[in-house]
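In what follows, chains carry the letters A, B, and so on, assigned in the order in which the sequence lines appear, proteins first and then strands, with residues in each chain numbered from 1. Predicted, not measured: the structure shown is a model, and the values here were computed from it.
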Number of protein chains: 2
Amino acid sequence: MNDSLTTTSNAVLGLLSLRSWSTYELAKQAQRSLEWFWPRAERKLYDEPKRLVAAGLATSDKEMTGARPRTVYAITRRGRHALRRWLGEPPAPPTLEFDGMVRVFFADGGTLEQLRATLGAIAEASDIRLAELEGKITELERVDVPFPERHHLNALALRFHLDHERVFGEWARWALVQVEEWRSTTDPGRWQPRQAFEP
Amino acid sequence: MNDSLTTTSNAVLGLLSLRSWSTYELAKQAQRSLEWFWPRAERKLYDEPKRLVAAGLATSDKEMTGARPRTVYAITRRGRHALRRWLGEPPAPPTLEFDGMVRVFFADGGTLEQLRATLGAIAEASDIRLAELEGKITELERVDVPFPERHHLNALALRFHLDHERVFGEWARWALVQVEEWRSTTDPGRWQPRQAFEP
DNA sequence: GGTGGATACTGCCCTGTGCAGCATCATGCT
DNA sequence: AGCATGATGCTGCACAGGGCAGTATCCACC
């Protein structure tokens with residue numbers, strides 16, 4: 001097994017550092033807490049702990065619920081050291097995959113109606129995600145949630161995501177206003193690119 | 001070959017809709033123009049046009065530069081129709097992979113010094129990317145660049161990326177100020193999570 | 001008892017990444 | 001002319017990751 005851990009490995013190690021988890025729980029918790037900044041398919045979250053065990057950074061314990069087996073993973077001391085060491089390394093640059101922007105960028109291959117629909121969809125999806133974030137923010141006032149002692153870190157993350165999500169919705173709405181002046185996707189009429197950068 | 005095209009397929013089709021390209025040129029142009037919102041490894045950009053040809057959406061023409069072969073790809077009429085059809089579909093949600101945020105989120109596995117270094121690195125990297133974007137924005141005033149007739153679409157995209165990138169740097173600097181009050185990564189002292197959401 | 005959702009997990013096929021490697025061309029310098 | 005370097009051109013390979021579908025057992029409820 002390749003000894004160099006990925007960000008995913010370290011993210012899973014991070015979750016294990018909080019407590020031990022069954023694989024199912026771990027996958028669910030990863031999707032609850034990491035989804036906004038490190039989205040990973042459930043399929044992979046079943047594989048990752050096995051790799052940590054193989055690297056000596058976690059242990060696995062087979063249990064039975066009736067006739068149904070389940071695996072519970074726990075971090076090792078070596079795992080904690082590895083996590084701490086990783087935290088001292090410089091972060092990789094963020095990457096964004098914005099399908100909607102691909103559609104905007106090549107909008108001249110389609111119609112102004114299509115472009116408006118794309119921008120509208122981006123704005124609406126952003127609203128939904130913002131509402132979800134607001135729900136998470138209200139949870140910071142509670143102590144009957146998992147890991148209340150980590151709320152300070154949660155708050156930093158949520159602050160970022162709130163601002164980040166707002167950019168999508170606000171930009172899409174702004175763009176909808178701009179394209180009102182356009183004659184078509186290939187003819188912006190009197191609209192000037194520099195208008196995008198004026199106050 | 002699977003008939004359902006990916007966003008990457010359509011992005012490449014979008015580039016082909018502008019002009020024909022050798023594979024090398026296409027890979028370079030993709031990395032110049034799509035890198036901010038649809039980053040793809042060069043390795044894949046060599047495969048993708050082949051798949052478009054197999055689907056009848058592009059043609060390939062073998063040429064020779066001396067003894068060195070090269071392939072030039074062009075879009076077909078079917079390809080243009082496929083692109084236009086795709087532009088009418090709703091966009092997939094954006095996904096962000098923010099390695100730095102994974103490190104912030106699990107900062108309690110490390111030290112306050114490490115957290116500060118992570119935040120500092122995020123801020124600096126953001127500055128560099130912002131400077132790059134500013135360079136692209138000044139290009140919008142020029143006509144001696146590729147595809148000046150598409151500046152209006154470029155401007156929409158650049159407006160988004162400017163706002164998007166600013167969020168990283170501003171947030172990281174804000175977070176650096178917040179953690180000044182913290183005693184350690186596990187003890188925020190008197191700092192309250194709700195401080196993250198006050199004006 | 002039957003149903004539906006939760007818990008628990010994996011095989012499979014496909015997309016995508018980083019890396020390394022190979023080859024030829026073109027340009028500039030000595 | 002010869003050489004070095006960067007550009008142009010491309011691919012094999014091993015690994016990371018995603019979506020989907022499938023299998024099985026448990027648990028709560030009607």
Task: Interatomic distance, L45(B) CG vs dG9(D) P [rounded to whole Å] - done: 15 Å

Open item on the list: I want to check one thing: is the phosphate of dT10(C), taken as OP1 and OP2, less than 4.0 Å away from some side-chain N or O of K50(A)?
Closed with: yes

Open item on the list: What contact category does R43(A) fall into here, base, sugar-phosphate, or nothing, at under 4.0 angstrom with non-hydrogen atoms?
Closed with: base

Task: Distance flag, aromatic centroids of W191(B) and H152(A), threshold under 6.0 Å - done: no

Open item on the list: For E42(A) and A67(A), find the nucleotide of DNA chain D closest to each by heavy atoms; which residue's nucleotide sits nearer the 5' end?
Closed with: E42(A)

TODO: Look at the side-chain N and O atoms of S22(A) and state whether any lies under 4.0 Å from the OP1 or OP2 oxygen of dT7(C).
DONE: no

- [ ] Establish, with yes or no, whether the OP1 or OP2 oxygen of dT25(D) is under 4.0 angstrom from a side-chain nitrogen or oxygen of T65(A).
- [x] no

Task: Distance below 4.0 Å between T8(A) side-chain N/O and dA16(D) OP1 or OP2 - done: no

Task: Atom-to-atom span, NZ of K44(A) to P of dC9(C) - whole angstrom - done: 16 Å

Open item on the list: I'd like to know if D47(A) and K50(A) make a salt bridge, using a cut-off of under 4.0 Å between side-chain N and carboxylate O.
Closed with: no

- [ ] Give the rounded distance in Å between these two atoms: OH of Y73(A) and C1' of dC9(C).
- [x] 10 Å

Task: Interatomic distance where CD belongs to E25(A) and P belongs to dT7(C) [whole Å] - done: 9 Å

Task: Protein-nucleotide distance (M64(A), atom CE; dC9(C), atom C1'), rounded to Å - done: 13 Å

Open item on the list: By the definition side-chain contact (heavy atoms from CB on, under 4.5 Å), identify the one residue from L45(B), L26(B), I75(B) that meets it with L15(B).
Closed with: L26(B)

Open item on the list: Any salt bridge linking K136(A) with E139(A)? Criterion: basic side-chain nitrogen under 4.0 Å from a carboxylate oxygen.
Closed with: no

- [ ] Establish, yes or no, whether a centroid distance under 6.0 Å links the rings of F37(B) and F160(B).
- [x] no

- [ ] Please tell me which of the listed nucleotides, dA8(C), dG16(C), dC10(D), lies nearest to the side chain of Y46(A)?
- [x] dA8(C)

TODO: Identify, between W38(A) and P69(A), the residue whose nearest nucleotide on DNA chain D lies closer to the 5' end.
DONE: W38(A)

Task: Whole-Å distance separating the CG atom of D47(A) from the P atom of dG11(C) - done: 9 Å

Task: Test: R159(A) and E170(B) ion pair at under 4.0 Å - done: no

TODO: Please state whether the phosphate of dT8(D), meaning OP1 or OP2, lies under 4.0 angstrom from any side-chain nitrogen or oxygen of T23(B).
DONE: no

Open item on the list: In this structure, how many angstroms lie between the P atom of dC15(D) and the CD atom of E48(A), rounded?
Closed with: 14 Å

Open item on the list: Just N and O in the side chain of R40(A): are any of them under 4.0 Å from OP1 or OP2 of dG18(D)?
Closed with: yes

Open item on the list: Whole angstroms only, please: what is the CG-C1' distance between D99(B) and dA16(D)?
Closed with: 15 Å

Task: Sugar-phosphate, base or nothing in reach of P49(B), heavy atoms under 4.0 Å - done: nothing

TODO: May I ask you to evaluate whether Y24(B) reaches the phosphate of dG9(D), defined as a side-chain N or O under 4.0 Å from OP1 or OP2?
DONE: no

Task: Phosphate OP1/OP2 of dA24(D): any R68(A) side-chain N/O under 4.0 Å - done: no

